[in-house]
Amino acid sequence: MLIVLVLIMMVGGIALTQLGDVLNTGEEKIESIKVKDSFNLPLLKYRTDTGTYPSTEQGLSALLVAPEDSADRWKGPYLKGNSALLDSWKRPYQYACPGAHNPRGYDVWTTGPDGQSGTADDIGNWE
């Protein structure tokens, strides 16, 4: 009986490890879709209204609150709620305009599970 319990615990431990990997992969796929697609339309609307994408300094928060230098042309908000600016790990999305990967446009990325920008697990709109 004790052997059976040990075997069940071992199988359960392996299953939990695999489940964690599956959940992380799911979050990474969701983030890939978000950074490639979810910001395109709001940023395009912002650009249409104001004549330019938000600067790096203004960041993605310009989609929620009008920057001072474009308040007269801003017709937002272009996103719903501050939570739209947080990734699956509850960290803010990164933004740069012009982008290092998209010099004629912008880069949007998440620092991924490790929370460090510039590492292999970053997920960006250039991939």
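Note that the coordinates shown come from a computational prediction; the quantities given were computed from them, not determined experimentally. For this chain, numbers begin at 1 and follow the sequence in order.
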Open item on the list: Check whether D121 reaches the backbone of D114 with its side chain - one donor and one acceptor, N or O, closer than 3.5 Å.
Closed with: yes

Task: Side chain proximity check, L86 to Y93, heavy atoms < 4.5 angstrom - done: no

Only distances under 3.5 Å count here; give the side-chain donor-acceptor pairs of residues 74-81 to other protein atoms, sequence neighbours excluded, each with its distance to 0.1 Å.
| unit_1 | atom_1 | unit_2 | atom_2 | d |
| --- | --- | --- | --- | --- |
| W74 | NE1 | A62 | O | 2.8 |
| Y78 | OH | D49 | OD2 | 2.6 |
| Y78 | OH | K75 | N | 2.9 |

Task: Under 3.5 Å donor-acceptor, N102 side chain and G105 backbone - done: no

Could you list the donor-acceptor pairs under 3.5 angstrom formed between side-chain atoms of residues 41-48 and any protein atom two or more places apart in sequence or on another chain?
| unit_1 | atom_1 | unit_2 | atom_2 | d |
| --- | --- | --- | --- | --- |
| Y46 | OH | S70 | OG | 3.4 |
| T48 | OG1 | L44 | O | 2.9 |

Open item on the list: With heavy-atom distances below 4.5 Å as the criterion, would you say the side chains of N40 and Y106 are in contact?
Closed with: yes

Open item on the list: Rounded to the nearest 0.5 Å, what separates atom CG in N125 from atom CD1 in I33?
Closed with: 14.0 Å

Open item on the list: Ignoring hydrogens, what is the shortest heavy-atom contact between K36 and G124? Give both atom names and the distance.
Closed with: CE-O, 3.9 Å

Task: Note, E57 side chain near P67 side chain (heavy atom, < 4.5 Å) - done: no

Open item on the list: Are W126 and V108 connected into the same hydrophobic cluster when the rule is that any two of I, L, V, M, F, W, Y join if their side-chain heavy atoms are below 4.5 Å apart?
Closed with: no

TODO: Take D107 and Y95, measure what side-chain contact (heavy atoms from CB on, under 4.5 Å) needs, and give me the verdict at the end.
DONE: CA-CA 6 Å; D107 291 349; Y95 173 82; over 6 Å; no

Open item on the list: Show the nearest heavy-atom pair for residues Q116 and T119, with the distance to one decimal.
Closed with: O-OG1, 2.9 Å

TODO: Using distance alone, with no hydrogens and no angle criterion, decide if E27 and W89 have a side-chain donor and acceptor under 3.5 Å apart.
DONE: yes

Task: S117 and W109, any side-chain heavy atoms less than 4.5 Å apart - done: yes

Open item on the list: I need the E28 CD to T110 OG1 distance, nearest 0.5 Å.
Closed with: 9.5 Å

- [ ] For C97 and P54, work out which heavy atoms get closest and say how close.
- [x] CB-O, 3.3 Å

TODO: Output yes when a side-chain donor or acceptor of S38 lies under 3.5 Å from a complementary backbone atom of V35, and no otherwise.
DONE: no

- [ ] State the CD1-CD1 distance between I30 and I123, to the nearest 0.5 angstrom.
- [x] 10.0 Å

Task: Side-chain heavy atoms of T111 within contact of R91, under 4.5 Å - done: yes

Open item on the list: Measuring only between side-chain heavy atoms, which start at C-beta, is D122 closer than 4.5 Å to Q94?
Closed with: no

